[in-house]
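Let me begin by presenting the structure, written as structure tokens, before commenting on it.
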Amino acid sequence: MSVSSNEIASIVQQTLQQYRPYRGFTFRSPAITVTGGHCVNQLGDILLELGATHVLLVADKMVYQLGLTTGSENAIRLAGLKLTLFTDVEGEPDSRLIARGQAVLSTSKADFVLGIGGGSALDAAKAIAVIGDYQGPLTAFKVGGIASRQVGLGAIPTTAGTGSEVTDITVIKDAELDIKVPVKGPALVPDLALLDPALMLGVPAGITAATGVDTLTHAVEAYVSRQTNPLSKAYAYHAIEALIKALPVAVGYGQDMDKRYDMAVAAYKAGLAFSNAGLGLTHAIAHQIGARYHLPHGVANAILLPYVMAFNALSCEADYAEIANALGVSREAMTQRDRCRVAILTVRQLVVDLGLPTSLADVGITEQDLALLAEQAMQDICLQGNPRQVTPVQIVELLKQVIAGQLPEGYC
């Protein structure tokens, strides 16, 4: 009896389906996480435990000048480890900065890269540690596949926002193409994440607000992502629950160590959530706006998040209703749709209360580049997790509403 090629292909496909995990997921996190006020003093012992002998410390120039790396430097030297400094990070990192950092890493022969600072320094450290081992343009790595590195990697955040200390992603601007490229892969997960709220006490209120809303955006988008999983949803939910209580206080009184600690842990949880579940349309657009208009990432997210939530509500009303519970604004008499609506309005009000802009017009963006921004957003890896399918035309219409500062009359 003869068997056609189509029949053979069907049998092979059915066999492969049997071995494909049903509702399975992969979850990545740092090997070691250390938290607590002044825990940076433990850094030397931890690096020895990880087998480090020579550390390349990558830091924001301002963080270095403010002396926020001093404790880490002292701990490294007290442990008898060699230390090389690279403190050229200013603003969001681009491919030229990464090339300079990789040259320092190669010359120094350091075997451990440690990033200290905000998201820019941590992203730079991750890229320096990983991308130098691979050939090709930056854009070739945006879909993942970076699975190994030759050096150890650690991260110490001085702001509570990006979650870069735990994620498998780094965002680097391609200096030639003038676009932000999210690069993803398991090698980008640090071996060590150290959360010391004492390093965050002096962060200005505006930066605290913007990075805090960045954390909120990570948690919200991870919670509703099409790629979410039970662990990511749990981390995202509890990040939102903690953030809504801690962020206003941290912005209003930055010396509150407890609230700084709560924000650091919330950013960590949100980082774990989105690193393992993906993000969505807010980040896909924010990356383009940030690269083109040099708008801080947290500010771009703060402007966009309520509008994108309203757009996405058609596909995730139930999830937003659960987020209302985490935000503490759900009431027993409310319908699911009421909870969805109040969650969106609460996020919008939080942005207002923190003194952040609520429209693109507030930051000088007009309708001129909307079509280009929409096309670029459609190519962004973050869009893969968005709960609602979207077209370039819909993105343009959404951005027109964001410029006008009027929430769309969407599903909620």
Side-chain angles (χ1 to χ4, degrees), residues 30-90 93 97 100-129 149 151-166 190-204 207-208 211 254-258 260-261 263-265 267-268:
I32 299 176
T33 298
V34 180
T35 75
H38 309 291
C39 66
V40 73
N41 295 326
Q42 303 174 43
L43 177 61
D45 292 337
I46 300 166
L47 290 172
L48 288 173
E49 181 182 341
L50 290 169
T53 62
H54 187 163
V55 177
L56 173 64
L57 193 156
V58 178
D60 294 297
K61 181 171 289 186
M62 183 61 68
V63 165
Y64 176 71
Q65 291 174 346
L66 290 173
L68 294 178
T69 66
T70 301
S72 298
E73 293 177 56
N74 291 340
I76 291 168
R77 291 190 175 103
L78 284 172
L81 302 173
K82 293 181 181 178
L83 176 64
T84 298
L85 299 177
F86 180 72
T87 61
D88 289 1
V89 182
E90 289 185 280
L97 174 78
R100 296 203 305 274
Q102 288 167 347
V104 174
L105 176 61
S106 177
T107 301
S108 69
K109 301 188 185 305
D111 56 14
F112 196 98
V113 177
L114 177 68
I116 302 180
S120 295
L122 303 192
D123 277 358
K126 292 164 75 168
I128 290 167
R149 52 179 153 80
V151 297
L153 178 62
I156 303 177
T158 57
T159 61
T162 68
S164 189
E165 67 273 10
V166 302
D191 303 308
L192 164 66
L194 191 150
L195 311 180
D196 188 340
L199 298 177
M200 305 177 186
L201 295 177
V203 177
I207 295 176
T208 300
T211 55
Q255 296 300 308
D256 190 316
M257 180 83 87
D258 288 335
R260 290 290 191 184
Y261 177 81
M263 283 303 305
V265 175
Y268 178 94

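Numbers for residues simply follow the sequence, beginning at 1. Atoms considered below: every heavy atom in the structure, side chains included; atoms not considered: hydrogens, waters and symmetry mates. The shown structure was predicted, so the numbers you read here are calculated from the model rather than taken from an experiment.
Remark: D256 pairs with no residue by the salt bridge (Lys or Arg N to Asp or Glu O under 4.0 Å) rule, at least two apart or across chains. In terms of the side-chain hydrogen bond (donor to acceptor under 3.5 Å, both in side chains) criterion, residue partners of T208 (sequence neighbours excluded) are, by chain and number, R260. T69 meets the side-chain hydrogen bond (donor to acceptor under 3.5 Å, both in side chains) test with E73; sequence neighbours excluded. For T70, there are no side-chain hydrogen bond (donor to acceptor under 3.5 Å, both in side chains) partners, not counting sequence neighbours. A search for side-chain contact (heavy atoms from CB on, under 4.5 Å) contacts involving S164 returns L122, D123, K126, T162, T167, not counting sequence neighbours. Remark: E49 pairs with no residue by the salt bridge (Lys or Arg N to Asp or Glu O under 4.0 Å) rule, at least two apart or across chains.
When all heavy atoms of S72 and L57 are compared, the closest pair comes out as CB-CD1, 4.4 Å. Shown here for A125 and G115, the closest heavy-atom pair between the two residues is CB-CA, 3.5 Å. Nearest heavy-atom pair, E165 versus A193, reported as atom, atom and distance to 0.1 Å: O-CB, 3.5 Å. Of all non-hydrogen atoms in A129 and L153, the two that sit nearest each other are CB-CD1, 3.9 Å. Between A155 and P190, the closest heavy-atom pair is CB-CG, 4.2 Å.
Residues in residues 34-44 take part in these side chain to side chain donor-acceptor pair (under 3.5 Å) pairs, two or more places apart or across chains: T35-Y261. Residue pairs that meet the salt bridge (Lys or Arg N to Asp or Glu O under 4.0 Å) test with at least one member in residues 51-72, sequence neighbours left out, are K61-E90. Listed by first and then second residue, the side chain to side chain donor-acceptor pair (under 3.5 Å) pairs involving residues 107-118 are T53-D111 (not counting sequence neighbours).
By the 4.5 Å heavy-atom criterion applied to side chains, V203 and T158 are not counted as neighbours. With a 4.5 Å cut-off on side-chain heavy atoms, P157 and M200 count as touching.
A distance-only check finds no donor-acceptor pair linking the side chain of D191 to the backbone of G154 [under 3.5 Å]. With D196 contributing its side chain and C39 its backbone, the two residues share a donor-acceptor pair below 3.5 Å.
Note that OG1 of T33 is 2.5 Å distant from OH of Y268, once rounded to the nearest 0.5 Å. Remark: L66 CG to L199 CG distance equals 11.5 Å, nearest 0.5 Å.
Between I156 and the options L43, L192, V34, V63, a side-chain contact (heavy atoms from CB on, under 4.5 Å) holds for only L43.
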Quiz: residues 81-89 side-chain donor-acceptor pairs under 3.5 angstrom, not counting sequence neighbours:
from: T84; atom 1: OG1; to: H54; atom 2: NE2; distance (Å): 2.8

